[in-house]
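Notes follow once the structure below has been shown.
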Amino acid sequence: MRIVAHPIIEDYQKGPLVQFLYNGETVEGHAGESIAAALRAMGVRIHRYTTKQHKPRGVFCAIGRCTDCVMVVNGVSNVRTCITPLEAGMTVQTQFGLKAGDGK
Amino acid sequence: MKRYELIVIGAGPSGLSAAIEAAEAGMQVVVFDENGRPGGQLFKQIHKFFGSKEHQAKVRGVRIGENLLAKAKDLGIHVILDATVLGIYKNKEVSVLIEDEVQNYKADAVIIATGAAENMIPFKGWDLPGVMGAGAAQTMMNIQGIRPGGKILMVGSGNVGLVVSFQLLQAGCEVAAIIDAAPRVGGYGVHASKVTRTGIPLYTSYTVIEAKGVDSVESAVIARVDECFQPIPGTEIELGVDTICIAVGLSPMSQLADNAGCQMEFAPGKGGNVPVLSETGETSIANVYCAGDVAGIEEASSAMIQGKIAAAAIARDLGYIDDIEFAEKKTAYAESLSKIRAGMFAPGNKGKVFEKTDEGFTISDSLLTKGYLSESELSAFPALDASGGTHIVIECTQNIPCDPCQDVCPAGCIIVGNTITQIPKLDKDKKCSGCGLCVGVCSGQAIFLVNDQYEDGYGTVGLPYEFLPLPAKGDVGKALDRSGAPVCDATVVEVRTNKAMDKTAMLVMKVPVDQLSSARFFKAAEGGN
């Protein structure tokens, strides 16, 4: 999913590859890119499940307005992953309702 | 409480332009932006802008953004990021949320340049992961360097839908189709044409009725609509896509102005609820101004000028420039603004249907309904020169404000004139040198360099090309016509790039002479380059 070569954009100015925890698994992304971008590069599309109907939600606006992409980051719920830069060692968890969980 | 002479809210094209204008006049300025990066949407705009030299036409939005940031830095403008303005209160007190702490600022004047947000349309399954704004897709691919999906349906054929579709192709995504519920293409014909010639179908009078999938989008169901925009049963088509992008317009983010107590109006032509403004952008509250999309949806080019006008007015009120200097600036900016606001797609012409151009030419029906010109309709336009040898064909058939082709031609072959919305004409007395600069520079990618005397029975077509991998001399493939249908075999005989064309290559392909008027795109053979 990463764009390796682009006809117009020469450099996406990414930070170094760093490790972070996604639902307990050690994975990699570039420091400074949005958490959502790092997840999308891995093929992740579901960021959370809604509280009542347990419906999946993912990136919708990508600029921090809609809050569809919120996840549990470093133990804090409702973090907008599309505008939160990835840092080494972060823990990122799928959000179920308002908290992390292990499934419906 | 920290004090500044001017607080600008929003570090997009309008806000930055305003801050620069004010700082140049000698004012103390601070700019707040809720995002982690400045520039607003400019850094996502990797296409070349329209307009004239003074509007930075033929320059990509991303470069305009870089220039604005460099200028702001040189002037020592204080840009505070991750700073959300919560409200504007009495006496121009502004509360800002910075790192979970509310800080209060006060200024002599405030410019609200908060831009716009994307509109959405609800349909069955629209909340599935994989349905997103076209702007979201643009952010993912052009800022984050991530493809939003593999195969995409674009809903909306305004300039945003068309430009983002093209950018999705540049990012290596497949675009299954562009649809629009309206019976006509909403954006510039040239933007539509550069997408349709690659083979992407554009369906007008179609809407999306369902996104299907278990955990994310697996397909999209589209259907034809009647005159009342209701889906017609039996016309459904299911497209296998993993992403649906919505590009159905923008709404001004005018909440700050509204909450501050500015007089508001609902103006559909401007995109929604907007503040009532004076000529210089002042709201009903003295020294609180609005500039850019927050005042009504337009292009970044006009947003930048609006920012400058507001800042100049404030500089005059605070005594940094005198009445004479202000009058000069205002006249120049107003003139520049009226130039870019002209033509068929001008803000005041929203929803209007034009059958003829200003010059009296009939607008192509094929262009308006399918997104590409038909050869027979094109023949009525003036920029066709059938003279032998090397010549250019300009497929620019609507009155849009743009004239870089006229400036760039070293031989002076192209005439737009002083009214930059005029359709370009050719000066038949001047001889095309075949340099191809116009091909590479045209923001609409609507100019082709044709040579009908290349070799016996064959000619060449030079076309703008902005994809990877860049074909090389000797590559073989198919020539596609304006609709994207293959018409004949083609061989690449030259690929020209230079700095002035800024990453747009001119690809020259050899085709039989009888296809010179139809071959408009090159598709490399499978397995080839």
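Computed over heavy atoms, backbone and side chain alike; hydrogens, waters and symmetry mates excluded. A, B, ... follow the sequence lines: proteins, then strands. Residue 1 opens every chain. If you're wondering where the values come from, they're calculated on a predicted model, not measured in any experiment.
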Could you report the tightest heavy-atom contact between A/Ala41 and B/Ile146, atom names first, then the distance? CB-CD1, 3.7 Å

Closest non-hydrogen contact found for B/Gly130 with A/Arg45 is CA-NH2, 3.2 Å

Within a strict 4.5 Å, meaning less than it, do heavy atoms of the A/Met1 and B/Met140 side chains meet? no

Within a radius of less than 6.0 Å around NZ of A/Lys14, do more than 12 heavy atoms belonging to other residues, nucleotides or ligands occur? yes

For the student: nearest non-hydrogen atoms of B/Gln170 and A/Ile8, plus distance: NE2-CG1, 3.7 Å

Look at B/Ile143, B/Leu128, B/Asn35 and state which one has the largest set of heavy-atom pairs under 4.5 Å with chain A. B/Ile143

Assess whether atom CZ of A/Arg80 is packed by more than 12 heavy atoms of other residues, nucleotides or ligands within 6.0 Å. no

If you take all heavy atoms of A/Pro56 and B/Pro129, which pair is closest and at what distance? O-CD, 3.4 Å

Heavy-atom proximity to chain A below 4.5 Å, by part of B/Asp82: neither

Non-hydrogen atoms of B/Arg147 and A/Ile3 that approach each other most closely: CG-CG1, 3.9 Å

Rounded to the nearest 0.5 Å, the CD1 atom of B/Ile46 sits from the NE2 atom of A/His6 at a distance of 4.0 Å

Enter the distance from A/Ile9:CD1 to B/Arg60:CZ here, rounded to the nearest 0.5 Å. 9.5 Å

How many angstroms lie between CE in B/Met132 and CG in A/Asp68, if you round to the nearest 0.5 Å? 11.0 Å

Option that, when pairs with chain A are counted at under 4.5 Å, heavy atom only, ranks first among B/Gly135, B/Ala134, B/Pro148, B/Gly133: B/Pro148

Report the distance from atom NE2 of A/His30 to atom CD of B/Gln144, rounding to the nearest 0.5 Å. 11.0 Å

Please report the shortest heavy-atom distance between A/Arg40 and B/Gly149, naming the atom on each side. NH2-CA, 3.9 Å

Given a strict heavy-atom distance threshold of 4.5 Å, which part of B/Lys48 is in contact with chain A: side chain, backbone, both, or neither? neither

Value rounded to 0.5 Å, distance of CZ in A/Phe60 from CD1 in B/Ile246: 6.5 Å

Measure distances from B/Val214 to the heavy atoms of chain A and classify the residue's part below 4.5 Å as side chain, backbone, both or neither. backbone

Answer key: most heavy-atom pairs under 4.5 Å with chain A among B/His47, B/Arg37, B/Met120 is B/Met120

Does any backbone or side-chain atom of A/Arg65 lie under 4.5 Å from a heavy atom of chain B? Answer side chain, backbone, both or neither. side chain

For chain A, the option from B/Gly150, B/Ala137, B/Ala171, B/Ala505 that forms the most heavy-atom pairs under 4.5 Å: B/Ala171

With a 4.0 Å cut-off, would you call B/Lys503 and A/Glu10 a salt bridge? yes

Kindly indicate whether the side chain of B/Asp127, heavy atoms from C-beta on, has any atom under 4.5 Å from the side chain of A/Gln53. no

Counting only heavy atoms closer than 4.5 Å, note whether B/Gln138 contacts chain A via side chain, backbone, both or neither. neither

